[in-house]
Amino acid sequence: MNSSMSPIEWLLESLELDASLFHVGRYCGGWHASTHGLARASFHLLVQGSCWLHVDGQEPQHLAAGDALFILRDVPYRLSGEASVAAACAAPRGQMQALELGAEEGVGLVCGFFHFHPGLSELIVDSLPTCLLLRAGDPALAAARSLFELILAECARTQGPSTGVLERLSQLLFLYVLRQHGETAGELRGLLSLARQPAFAGLLERLIAAPAEDWSLERMAACTGLSRAAFAKRFHELAGQTPGQVLLGLRMREACRLLKDGQAVAEVAEAVGYQSVAAFTRAFDKVIGVPPGAYRRSHGLGS
């Protein structure tokens with residue numbers, strides 16, 4: 001970890017994700033839209049008009065042009081042109097038309113999915129709220145606004161927007177919003193909450209710096225000045241994960257980095273604290289979803 005970084009900054013820098021666009025267009029008349037049930041994180045950038053966000057159990061929220069909505073878990077929600085829940089539920093699923101930024105009516109949206117890489121990134125996302133909302137007039141997010149302007153400019157291209165450019169800009173926009181959340185949110189949970197506690201932040205720094213070391217529960221507890229039982233209880237309260245799960249996530253992130261750098265599987269296994277290739281392979285496959293050799297090959301390297 002860079003010595004100038006706080007543990008929170010390092011965690012946010014470590015977040016690995018891909019963005020994929022699924023539509024760019026305009027809704028007119030009565031409509032509703034939702035990605036609920038797809039078990040995927042999604043983003044919705046309002047580039048024209050206004051609409052309403054309805055999340056089950058919450059008051060409706062009005063969204064205006066320039067707002068960006070990031071929904072990080074699969075919760076029942078819908079976007080609609082209707083303010084009331086009943087009217088939004090009764091509205092038909094919208095048929096999206098071509099985007100016309102100069103049109104006087106309609107709601108223009110850029111929408112897509114996020115895929116968070118397994119391992120540490122998934123642990124970090126578990127620390128975040130279900131929904132993050134960028135408001136167009138938020139002065140704390142001036143840099144993010146500049147990115148939104150680039151998204152608008154891309155949507156306005158005569159030859160039509162580039163999917164790849166919009167995906168990259170949307171991903172960057174999310175990272176800006178996420179950093180602001182980490183710096184200013186009154187309450188955090190999960191790993192981000194852990195990183196705000198001085199005793200646990202110190203431990204987290206040591207785990208990040210040397211994930212391959214023999215980190216027994218007793219040794220981790222000693223770093224915080226707590227007993228073994230008190231440490232395990234407090235760690236889980238703050239992080240929502242066990243110390244072992246967090247250590248595993250850190251080790252697998254480092255393993256991915258080393259494999260992508262071209263190191264052999266046996267070398268990586270030793271570098272992240274495993275005494276046998278077989279044990280490392282089982283752990284890697286369970287967390288990442290593919291064996292380390294296959295992961296290496298997927299990045300253009302041999303076994």
Side-chain angles (χ1 to χ4, degrees), residues 5 8-28 31 33-35 38 40-53 61-72 77 79 81 94 96-117 121 124-125 128-185:
M5 277 188 183
I8 285 182
E9 290 173 324
W10 187 90
L11 287 171
L12 296 181
E13 288 279 338
S14 300
L15 188 65
E16 296 180 291
L17 71 154
D18 302 308
S20 59
L21 218 61
F22 67 83
H23 66 210
V24 177
R26 183 167 57 105
Y27 290 121
C28 296
W31 64 276
S34 177
T35 60
L38 298 179
R40 302 182 72 178
S42 62
F43 60 89
H44 310 271
L45 315 181
L46 201 61
V47 297
Q48 174 190 22
S50 65
C51 66
W52 292 83
L53 168 66
Q61 293 190 71
H62 186 252
L63 306 182
D67 290 349
L69 173 67
F70 305 96
I71 298 181
L72 304 183
Y77 83 97
L79 295 172
M96 186 162 272
Q97 303 175 23
L99 187 63
E100 295 180 30
L101 291 183
E104 293 184 0
E105 62 176 28
V107 180
L109 288 162
V110 173
C111 302
F113 294 116
F114 286 139
H115 167 68
F116 297 101
H117 293 201
S121 292
I124 295 169
V125 173
L128 300 171
T130 296
C131 299
L132 286 173
L133 179 58
L134 164 66
R135 289 293 191 182
D138 187 345
L141 286 163
R145 300 300 333 145
S146 298
L147 281 169
F148 204 101
E149 291 299 322
L150 289 174
I151 290 169
L152 286 174
E154 186 64 25
C155 289
R157 289 177 78 230
T158 304
Q159 56 271 62
S162 160
T163 296
V165 169
L166 285 179
E167 287 172 349
R168 286 167 177 78
L169 288 172
S170 299
Q171 185 173 332
L172 285 172
L173 182 68
F174 173 65
L175 293 175
Y176 267 94
V177 172
L178 190 57
R179 183 169 66 182
Q180 182 68 17
H181 174 77
E183 291 173 351
T184 62

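Given the structure is predicted, the values throughout are model-derived calculations rather than measurements.
If you take CD on Glu9 and CZ on Arg179, they are separated by 8.0 Å, rounding to the nearest 0.5 Å. Atom OG in Ser42 sits 8.5 Å away from atom CG in Leu72 (nearest 0.5 Å). One distance of note links NE2 of His44 with CG of Leu109; it measures 8.0 Å at 0.5 Å rounding. How far CG of Leu133 is from CG of Leu53: 7.5 Å, rounded to the nearest 0.5 Å. One distance of note links CG of Leu79 with CH2 of Trp31; it measures 5.5 Å at 0.5 Å rounding. Interatomic distance, CD1 of Ile151 versus CG of Leu45, reported as 5.0 Å (0.5 Å rounding).
Side chain of Glu16 to main chain of Ser121: no donor-acceptor pair is present (N/O by atom type, distance under 3.5 Å, no hydrogens or angles). Looking at Arg157, its side chain does come within 3.5 Å of a backbone N or O of Gly160 through a donor-acceptor pair. Looking only at distances, a side-chain donor or acceptor of Arg145 sits under 3.5 Å from a matching main-chain atom of Gly66. Of the possible polar contacts, none joining the Gln48 side chain to the Ala65 backbone as a donor-acceptor pair under 3.5 Å is found. Put simply, the side chain of Gln171 gets close to the backbone of Leu17: a donor and an acceptor are under 3.5 Å apart. The backbone N or O of Thr35 lies less than 3.5 Å from a partner atom in the side chain of Tyr77, making a donor-acceptor pair. Between the Arg168 side chain and the Gly164 main chain, a donor and an acceptor come within less than 3.5 Å of each other.
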Please determine whether side-chain contact (heavy atoms from CB on, under 4.5 Å) holds for the pair Met96 and Arg26, giving the CA-CA distance in whole Å, both sets of side-chain angles, and the decisive distance to 0.1 Å. CA-CA 5 Å; Met96 186 162 272; Arg26 183 167 57 105; 5.6 Å; no
Could you go through the side-chain contact (heavy atoms from CB on, under 4.5 Å) check for Cys51 and Leu46 one step at a time? CA-CA 9 Å; Cys51 66; Leu46 201 61; 4.0 Å; yes
Pair Leu134, Asp67 - check side-chain contact (heavy atoms from CB on, under 4.5 Å), show working. CA-CA 5 Å; Leu134 164 66; Asp67 290 349; over 6 Å; no
Criterion side-chain contact (heavy atoms from CB on, under 4.5 Å) on His181 and Leu128, from CA distance to verdict: CA-CA 9 Å; His181 174 77; Leu128 300 171; 4.1 Å; yes
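At least one side-chain heavy atom of Val47 sits under 4.5 Å from a side-chain heavy atom of Phe148. Residues Phe113 and Asp18 form no side-chain contact, since every pair of their non-hydrogen atoms from C-beta on lies 4.5 Å or further apart. At a threshold of 4.5 Å between non-hydrogen side-chain atoms, the residues Leu15 and Val125 count as touching. The closest side-chain heavy-atom distance from Leu63 to Ser50 is not below 4.5 Å.
Ring geometry for His117 against His115 counts as tilted: the plane angle lies between 30° and 60°, on a 0 to 90° scale.
Residues Phe174 and Phe43 keep their aromatic ring centres 6.0 Å or farther apart.
Listed here is the closest heavy atom pair of Trp52 and Gly81: CD1-O, 3.9 Å. Scanning both residues, Leu99 and Gly25, for their nearest heavy atoms gives CD1-O, 3.5 Å. When all heavy atoms are compared, the tightest approach of Cys155 to Pro161 is CA-CB, 4.0 Å. The nearest pair of heavy atoms linking Val24 to Val110 is CG1-CG2, 4.1 Å. When every heavy atom of Tyr27 is checked against every heavy atom of Ala33, the shortest pair comes out as OH-CB, 3.5 Å. The nearest pair of heavy atoms linking Cys28 to Gly106 is SG-CA, 3.9 Å.
Remark: Gln97 CD is packed, more than 12 non-hydrogen atoms of other residues, nucleotides or ligands lying under 6.0 Å away.
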